[in-house]
Amino acid sequence: MDAKSTIVKPFPKQGLSDHVRAAPTPAAPRPSREEAEAAVRTLIAFTGDDAAREGVLDTPKRVIDSYEEIYQGYRECPADVLDRTFGETAGYDDFVLVKDISFNSNCEHHMMPFYGKAHVAYMPTDRVVGLSKLARLVDVYAHRLQTQEHLTSQVATAIEEILKPRGVAVMIEAEHMCMSLRGVTKPGSLTVTTHFNGAFRDDPNELVRFMSMLRGSR
């Protein structure tokens, strides 16, 4: 499904949810890089370290460089990721499943990482999207401050609204550092969230098939 095919015109963006249609609009003017680096120096001092010490002297620059990458999802539009589809499916009428999509995100409550695997399935109507685009969609939303529940719902909603499939299934399994390294300190604990829509919600047999294919090789 990533092979060369006839590509249809892009989907119109009218009628899409705000988070699907465009990249987020900043709620306030974005601080300058200098202001951001100064904030990192303040945090270093808050830990009790010396922000002028040689070992951390360039840390503010490195942190802001990493933020540009870690939070690049704020500058990306989900609708653009799923913008083009392929029609040469030879009558394919079953669901498409991409499982074990590795992702990294950051908890919006503690700004600590959570990471794991996303499993995404959809039942195409008459067109399919490139397989890599489903993984890319997960990354767009993951590269923002998130909750796992919100991430799961956003990925599913984007597929529903743009591809208009007969059904969507999204499952995310992740470990949260805010639970593993602080608080109850329970490393190895996995949080599982799901979103099922259309045929996956209405037909128990389809849901069973999804789960069987997901767990069959484990």
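Keep in mind that what you see is a predicted model, and the values were worked out from it rather than measured.
- Using a 4.5 Å heavy-atom cutoff, the side chains of Asp139 and Asn104 are not in contact.
- For the pair Arg33 and Glu37, the salt-bridge criterion is met [side-chain N within less than 4.0 Å of a carboxylate O].
- Residues Leu16 and Val129 are members of one and the same hydrophobic cluster, defined by side-chain heavy-atom contacts under 4.5 angstrom among Ile, Leu, Val, Met, Phe, Trp and Tyr.
- The side chain to side chain donor-acceptor pair (under 3.5 Å) test with His195 is passed by exactly one of Glu160, Arg201, Gln154: Glu160.
- With Phe114 as the partner, the side-chain contact (heavy atoms from CB on, under 4.5 Å) test is satisfied by one option alone out of Thr191, Leu151, Asn106: Leu151.
- Between Glu69 and Arg62, none of the side-chain N atoms (NZ, or NE/NH1/NH2) sits under 4.0 Å from a carboxylate O, so this pair counts as no salt bridge.
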Query raised in the report: For His109 and Gln146, what are the C-alpha separation, side-chain angles and deciding distance, and is it a side-chain hydrogen bond (donor to acceptor under 3.5 Å, both in side chains)?
Result: CA-CA 8 Å; His109 298 145; Gln146 279 286 12; over 6 Å; no
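- The ring of Tyr122 has its center no closer than 6.0 angstrom to the ring center of Phe200.
- Neither Tyr71 nor Met112 shares a network with the other; the hydrophobic side chains, linked directly or stepwise wherever heavy atoms of I, L, V, M, F, W or Y lie under 4.5 Å apart, form separate groups for each.
- Met179 and Leu145 fall into different hydrophobic clusters, where Ile, Leu, Val, Met, Phe, Trp and Tyr side chains are chained together by heavy-atom contacts under 4.5 Å.
- We find that Glu68 and Arg75 are joined by a salt bridge, their nearest charged nitrogen and carboxylate oxygen being less than 4.0 Å apart.
- Here the side chains of Thr59 and Val63 are in contact, with some heavy-atom distance below 4.5 Å.
- One hydrophobic cluster, built from ILVMFWY side chains closer than 4.5 Å, cannot hold both Met171 and Leu190; they sit in different ones.
- Shown are Asp80, Val81, Leu82; of these, the side-chain contact (heavy atoms from CB on, under 4.5 Å) with Val140 is made only by Val81.
- Checked against the 6.0 Å centroid criterion, the rings of Tyr141 and His19 qualify as a close aromatic pair.
- In this structure, the separation between NE2 on His150 and OG1 on Thr193 is 12.0 Å, given to the nearest 0.5 Å.
- Salt bridge absent: Asp83 and Lys133 never bring a charged side-chain N and a carboxylate O closer than 4.0 Å.
- With hydrogens and angles left out, the side-chain atoms of Glu175 and Ser180 include a donor and acceptor closer than 3.5 Å.
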Query raised in the report: Under the ring-ring contact (aromatic ring centres under 6.0 Å, His included) criterion, do His176 and Tyr115 qualify, and how do the steps go?
Result: CA-CA 7 Å; His176 293 247; Tyr115 60 91; 9.0 Å; no
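- No side-chain donor from either of Lys164 and Thr125 sits under 3.5 Å from a side-chain acceptor of the other.
- Residues Glu108 and Thr147 have side chains that never bring a donor and an acceptor to within less than 3.5 angstrom of each other.
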